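Structure record follows, encoded as structure tokens.
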2 protein chains.
Amino acid sequence: MPSTTRRHSPTEDRRPVVEAEILGATEQLLRDGHKFTDIGVRQIVEQAGVARSSFYVSFRDKTDLLIRLAGTLKQQIFDFAKDWTPVGENGGPETLTRVYLSMIQFYRQHGELLAAINEVATYDHEVEQFWNSQLNRLTELTASLIAGEQAAGRTDSAINPTVLAQVLTWDGDRVIARHVATNDSANDAQVARELAMVRWHGAYRRPQS
Amino acid sequence: MPSTTRRHSPTEDRRPVVEAEILGATEQLLRDGHKFTDIGVRQIVEQAGVARSSFYVSFRDKTDLLIRLAGTLKQQIFDFAKDWTPVGENGGPETLTRVYLSMIQFYRQHGELLAAINEVATYDHEVEQFWNSQLNRLTELTASLIAGEQAAGRTDSAINPTVLAQVLTWDGDRVIARHVATNDSANDAQVARELAMVRWHGAYRRPQS
DNA sequence: ACCCGATCGGACACAGTGTCCGACAATGTG
DNA sequence: CACATTGTCGGACACTGTGTCCGATCGGGT
């Protein structure tokens with residue numbers, strides 16, 4: 001009676017190799033300064049050293065590729081902000097400055113990929129939804145922080161928390177992306193500080209109207 | 001002796017007709033919800049009722065078309081902000097709120113075209129430069145306002161005017177664009193107020209550190 | 001009548017995308 | 001060993017969109 005052993009096929013080892021080559025090649029092309037929209041599949045597979053038809057085994061299309069690439073960044077962006085609170089051990093304006101400084105450094109590391117996401121999100125609904133879901137989480141979190149500060153009497157109770165949260169969260173990344181693309185890192189601390197102080201004094205500790 | 005009269009050819013009247021048809025058709029397609037990147041030249045000329053080859057008589061390519069369309073908007077964006085000052089007849093937080101409210105209404109009128117500019121600016125260097133030139137003017141104007149307030153002792157002199165100006169001007173339009181795309185006009189006044197108050201109290205009248 | 005300029009319609013060449021298919025290589029099983 | 005399976009490769013095909021070019025037509029001016 002021959003023994004029956006589950007087939008351990010190394011094809012699973014080989015599949016990720018091609019996929020990883022493609023992901024890595026794409027990141028390299030972005031780092032080389034190419035716009036995602038301008039990079040063709042042929043260029044990617046040439047950089048990766050794989051067959052063009054193999055691309056479509058792993059990815060539905062270029063958008064699918066970008067979403068795969070963006071997947072890990074998405075959670076990290078949220079993680080920067082989720083632990084900050086206006087008061088408490090991780091709280092206050094100086095800690096907020098540090099949060100923004102960490103984000104600036106993150107953007108310096110991943111600027112090209114983040115720009116690609118932003119690029120495609122302007123015209124592709126799926127990428128836009130994918131990326132905005134983390135932004136919406138951040139907005140909700142910020143709205144609840146504002147509401148908490150209002151309940152404690154530390155933030156002007158006349159403010160609509162949802163509206164203010166949208167104003168605060170819908171734009172910060174654009175400043176950071178622009179700063180990173182435009183300026184070297186000498187001003188990182190100052191930009192972080194301005195982002196934090198404008199929000200601290202303009203939102204959380206705005207004088208009572 | 002036959003009189004010699006400069007030939008007044010109505011081809012100049014006819015040339016703008018095709019061009020105007022193309023410009024109008026593009027705007028209509030944008031208003032219909034199409035992303036600029038997704039609109040092909042064939043679609044535009046069908047909507048305009050002209051020949052496809054005629055498109056290339058008037059425009060080098062789609063980017064050229066967009067820059068033509070964007071030309072008038074560009075100056076208008078700058079005009080909203082250029083007359084505001086922190087103090088004086090056109091100054092202060094309530095007037096800043098009105099400036100932002102006007103901008104929101106402008107975005108409601110021209111939202112699709114502005115989104116198209118934003119879209120193409122992410123991957124086309126020419127459009128990006130074209131649009132950013134007005135943003136840079138706004139940043140410089142804001143930096144000089146901040147410096148003036150510092151000289152008058154009304155804004156914290158520890159702040160770097162250029163850095164703060166960048167933080168204040170590099171992002172507001174994104175909030176407005178998102179708000180217009182996401183929410184109806186019921187909250188326009190509130191969003192305008194938040195945009196203004198965050199900047200007023202967070203930047204121009206930030207407490208001395 | 002003739003000339004000129006603009007528009008039209010259509011053909012051509014090219015690039016990029018996605019699908020499909022046969023060939024081949026590597027691995028495991030009986 | 002033979003056979004089966006799976007993944008990759010290379011290439012062909014069909015389609016779409018873009019930009020260029022050209023002949024035909026039309027309208028207006030002299």
Side-chain angles (χ1 to χ4, degrees), chain A residues 1-26 29-30 34-68 116 119-120 123-124 126-127, chain B residues 1-26 29-30 34-68 116 119-120 123-124 126-127:
Chain A
M1 179 75 175
S3 76
T4 303
T5 307
R6 182 180 173 92
R7 176 168 184 166
H8 173 61
S9 164
T11 60
E12 290 182 2
D13 298 332
R14 290 168 58 187
R15 167 86 173 270
V17 169
V18 171
E19 210 169 282
E21 292 289 342
I22 291 169
L23 293 167
T26 307
L29 287 164
L30 289 171
H34 301 281
K35 298 290 187 180
F36 189 77
T37 304
D38 291 340
I39 302 174
V41 170
R42 205 188 82 179
Q43 210 173 353
I44 292 169
V45 297
E46 279 179 0
Q47 177 82 18
V50 302
R52 192 168 73 81
S53 53
S54 298
F55 177 93
Y56 295 98
V57 174
S58 300
F59 306 99
R60 191 192 67 232
D61 55 19
K62 264 174 62 189
T63 302
D64 190 27
L65 167 68
L66 186 63
I67 288 171
R68 191 81 59 85
E119 181 186 324
V120 179
Y123 61 82
D124 186 276
E126 186 185 7
V127 174
Chain B
M1 178 78 173
S3 75
T4 303
T5 307
R6 180 180 174 92
R7 177 166 183 165
H8 172 62
S9 164
T11 61
E12 290 181 3
D13 298 334
R14 291 168 55 190
R15 165 84 172 273
V17 168
V18 171
E19 210 168 282
E21 292 289 343
I22 291 170
L23 293 167
T26 308
L29 287 165
L30 289 171
H34 301 281
K35 297 291 187 182
F36 189 77
T37 303
D38 290 340
I39 302 174
V41 170
R42 207 187 82 180
Q43 210 172 353
I44 293 168
V45 297
E46 279 178 2
Q47 176 81 15
V50 302
R52 192 168 72 81
S53 53
S54 299
F55 177 92
Y56 295 97
V57 175
S58 300
F59 306 100
R60 190 192 68 230
D61 54 19
K62 265 174 64 189
T63 302
D64 191 26
L65 166 68
L66 185 63
I67 288 171
R68 191 83 57 83
E119 180 185 325
V120 180
Y123 61 80
D124 187 276
E126 187 185 5
V127 173

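Note that this is a predicted model, so its numbers are computed, not measured. So that the names make sense, note that chain A is the first sequence line, chain B the second, and so on, each numbered from 1.
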Protein-nucleotide distance ([X], atom [atom1]; [N], atom [atom2]), rounded to Å:
X      : N      : atom1 : atom2 : answer
A:E19  : D:dG7  : CD    : P     : 12 Å
A:E46  : D:dG10 : CD    : P     : 11 Å
B:F59  : D:dT20 : CZ    : P     : 15 Å
B:D124 : D:dT18 : CG    : C1'   : 15 Å

- Are there more than 12 heavy atoms of other residues, nucleotides or ligands under 6.0 Å from atom CZ of B:R60? yes
Close side-chain approach of [X] and [Y], heavy atoms under 4.5 Å:
X      : Y     : result
A:I44  : A:L65 : yes
B:T26  : B:F36 : yes
B:Y123 : B:T37 : yes
A:V50  : A:V17 : no

- Query: Once each nucleotide of nucleotides 13-18 of chain C is scored for protein heavy atoms under 4.0 Å, what B/S/- sequence comes out, 5' to 3'?
  - Reply: ----BB
Nearest 0.5 angstrom please: [X] [atom1] to [Y] [atom2], how far?
X     : Y     : atom1 : atom2 : result
A:L23 : A:S58 : CG    : OG    : 8.0 Å
B:L29 : B:D38 : CG    : CG    : 11.5 Å
A:F55 : A:D64 : CZ    : CG    : 7.5 Å

- Item | Angle by which the axis turns from one end of the helix from C:dA1-D:dT30 to C:dG30-D:dC1 to the other, five pairs per end, to 10 degrees | 20°
- Message: Just N and O in the side chain of B:S53: are any of them under 4.0 Å from OP1 or OP2 of C:dG9?
- Response: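 Indeed not, no polar side-chain atom of B:S53 lies that close.
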